[in-house]
2 protein chains.
Amino acid sequence: MLSFTEENYLKALLKINLESGQAEVGTNELASMLSLRPATVNDMIKKLREKKLVNYERYGKITLTRDGKKRAIEVLRKHRLWETFLYEKLSFTWDEVHEVAEQLEHIQSAKLVDRIDELLGFPEFDPHGDVIPNAKGEIKTRIQKTLDEIEPGKSCKMVAVKDNSTPFLQYVVKVGLGISSKIKVVSKQAYDANLVIEVKGVKHTVSQKFAQNIFVVTEIKAS
Amino acid sequence: MLSFTEENYLKALLKINLESGQAEVGTNELASMLSLRPATVNDMIKKLREKKLVNYERYGKITLTRDGKKRAIEVLRKHRLWETFLYEKLSFTWDEVHEVAEQLEHIQSAKLVDRIDELLGFPEFDPHGDVIPNAKGEIKTRIQKTLDEIEPGKSCKMVAVKDNSTPFLQYVVKVGLGISSKIKVVSKQAYDANLVIEVKGVKHTVSQKFAQNIFVVTEIKAS
DNA sequence: TATAAAAGTTAGACAAGCAAAACAAAAGTA
DNA sequence: TACTTTTGTTTTGCTTGTCTAACTTTTATA
């Protein structure tokens with residue numbers, strides 16, 4: 001049985017893997033992801049190594065073992081299913097779900113997770129557009145870019161957000177965006193990479209930082 | 001913000017209060033309720049006293065303060081709402097709900113509890129027949145006896161169980177009992193207080209221990 | 001009422017989880 | 001190559017929650 005804390009370390013490692021594509025993670029990187037000191041992380045990584053959940057050697061990089069990855073996926077699955085539950089069944093707003101799901105993801109009961117999954121009709125995506133790993137631990141991948149990578153003149157569809165913080169999400173809503181929104185990149189300011197985008201016929205100017213936190217796909221299918 | 005452990009101590013104190021009617025609790029009694037050593041409980045009670053959640057002095061008895069009781073009721077409310085949710089919405093069985101609710105009761109989100117309450121239609125009783133405190137912290141009381149207090153020849157209605165353990169609950173089901181079951185006490189063995197009871201026309205012999213864990217009411221209303 | 005049993009307390013220990021400060025290694029750069 | 005910055009490690013120490021073992025107070029009873 002893993003502790004609350006151990007589960008969070010594994011989840012953070014998996015998230016770095018998924019978001020950056022790199023399997024190897026440094027102590028400092030992980031520490032900053034978890035808002036902890038590198039010293040703290042170094043201690044815990046040694047414990048996780050003892051439990052065969054990560055591969056690691058002195059001054060080396062951290063990778064998840066097969067078992068560690070499996071555990072991490074379970075936590076991520078629970079997190080995203082709970083978010084979906086809160087959003088779909090309890091009318092929580094987009095920006096409220098994350099905080100509560102952070103707690104709910106540590107509840108130990110395979111039956112509970114599977115029943116919630118069933119109640120929700122086995123959803124593939126959570127309210128932020130992120131993929132929910134299925135009961136077998138499989139994670140679908142999607143060819144997605146961030147909004148700032150789209151060339152001016154092209155259109156795309158928003159599929160997910162990178163940042164889950166309340167201020168960001170509330171801003172997203174204010175700009176008229178949500179999962180599946182169609183976005184046209186009108187122009188890009190060369191100086192600071194500010195973007196002018198068009199959403200539902202309305203133009204907005206957003207920063208590069210904002211655009212880097214919006215995931216989009218470019219093949220817009222006729223619906 | 002109270003820790004997981006502190007909440008469990010408060011809940012245990014409240015449960016002793018509700019089940020025995022006595023407001024004063026001893027260190028050993030609490031320790032046995034929590035399956036901990038008296039020394040451990042003694043330490044923690046001092047911490048809870050510092051936080052003004054319990055009244056206590058050396059060699060004296062423990063009582064909940066107004067604030068302590070309020071917190072304890074919140075935990076109990078969450079526990080019983082989650083049990084009801086698992087039973088009603090996720091098809092958990094009677095004996096499965098307790099364990100998972102022990103974890104869920106510590107989730108910190110007032111909104112979550114209230115929404116679950118709403119989703120369930122503001123239930124008054126949990127699957128074990130226990131009263132669910134309402135959002136204001138009020139606990140309805142019911143004039144109930146244990147089955148072993150019923151005189152032979154009389155009938156009664158089962159309203160709750162005292163023991164939440166899986167073996168007990170599975171045994172209850174096996175005897176054909178559930179919340180609202182009508183029970184006739186046919187006879188009582190003077191030697192060991194074994195009871196012969198009749199449920200749905202079938203006679204069963206049950207021990208005094210069993211009967212002490214079944215709560216009943218005697219005024220059977222026409223339904 | 002003396003004494004044994006029950007109930008409660010204290011002291012000392014340990015493990016988990018965290019962090020500050022000092023140190024060591026690796027990488028980048030002039 | 002030498003110096004500096006970044007990255008990683010170790011040491012030491014705090015806090016929380018638990019335990020065992022030894023001790024003290026209260027209570028029940030012979």
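Residue numbering restarts at 1 for every chain, and letters A, B, ... go by the order of the sequence lines. Predicted model, so just to flag it, every value in this text is computed and none were measured.
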**Study point:** Polar contact flag, side-chain donor to acceptor under 3.5 angstrom, Glu29(B)-Gln22(B)
**Key:** yes
Review point. Nearest-Å distance, CD (Glu24(B)) to C1' (dT27(D))?
Key: 16 Å
Check your understanding: Heavy atoms under 4.0 Å, any strand shown: does Arg37(A) hit a base, just sugar-phosphate, or nothing?
Key -> sugar-phosphate
Exercise for review: Respond yes when some side-chain nitrogen or oxygen of Tyr59(A) is under 4.0 Å from OP1 or OP2 of dA27(C), and no when none is.
Suggested key: no
Check your understanding: Under 4.0 Å between a side-chain N or O of Ser3(A) and OP1 or OP2 of dG17(C)?
Key -> yes
Check your understanding: OP1, OP2 of dT15(D) versus side-chain N and O of Lys47(B): anything below 4.0 Å?
Key -> no
Exercise for review: Tell me which nucleotide among dG8(D), dT10(C), dG17(D) gets nearest to the side chain of Arg58(B).
Suggested key: dT10(C)
Review point. Rounded to the Å, how far apart are Leu48(B) CG and dG17(D) C1'?
Key: 12 Å
**Study point:** Minimum-distance nucleotide (side-chain atoms of Lys46(B) versus dT10(C), dG17(C), dA21(C))
**Key:** dT10(C)
Exercise for review: Quickly work out the Glu50(B) CD to dG17(D) P distance and round it to whole Å.
Suggested key: 14 Å
Review point. Is it the case that Asp126(A) and His79(A) place a side-chain donor and acceptor less than 3.5 Å from each other?
Key: no
Study note, to complete from the structure: From CG of Asp43(A) across to P of dA20(C) the rounded distance in Å is 14 Å
Review point. Looking only at side-chain N and O atoms, does Lys61(A) come under 4.0 Å of OP1 or OP2 in dG8(D)?
Key: yes
Review point. Tell me: CD1 of Ile45(B) to P of dA7(C), nearest whole Å?
Key: 17 Å
Review point. Below 4.0 angstrom from OP1 or OP2 of dG8(D), is there any side-chain N or O of Asn28(A)?
Key: yes
Exercise for review: Measure the distance from CG on Asn8(B) to C1' on dT18(D) and round it to the nearest whole Å.
Suggested key: 14 Å
Review point. Are any of the side-chain heavy atoms of Leu104(A) and Ile107(B) separated by less than 4.5 Å?
Key: yes
Review point. Between Thr40(A) and dA19(C), does any side-chain N or O lie under 4.0 Å from OP1 or OP2?
Key: yes
Review point. Can you tell me how far C1' of dC19(D) sits from CG of Leu36(B), to the nearest Å?
Key: 10 Å
Review point. When the nearest nucleotide of DNA chain C is assigned to Tyr9(A) and to Asn42(B) on a heavy-atom basis, which residue is associated with the more 5' position?
Key: Asn42(B)
**Study point:** Thr65(A) versus Asp67(A), side-chain donor and acceptor atoms under 3.5 Å
**Key:** no
Exercise for review: Rounded to the nearest angstrom, tell me the gap between atom CD in Glu57(B) and atom C1' in dT25(D).
Suggested key: 14 Å
Check your understanding: So what does Phe4(B) hit on the nucleic acid, given a heavy-atom distance under 4.0 Å: a base, only sugar-phosphate, or nothing?
Key -> nothing
Review point. Between Phe92(A) and Phe85(A), is the gap from one ring center to the other below 6.0 Å?
Key: no
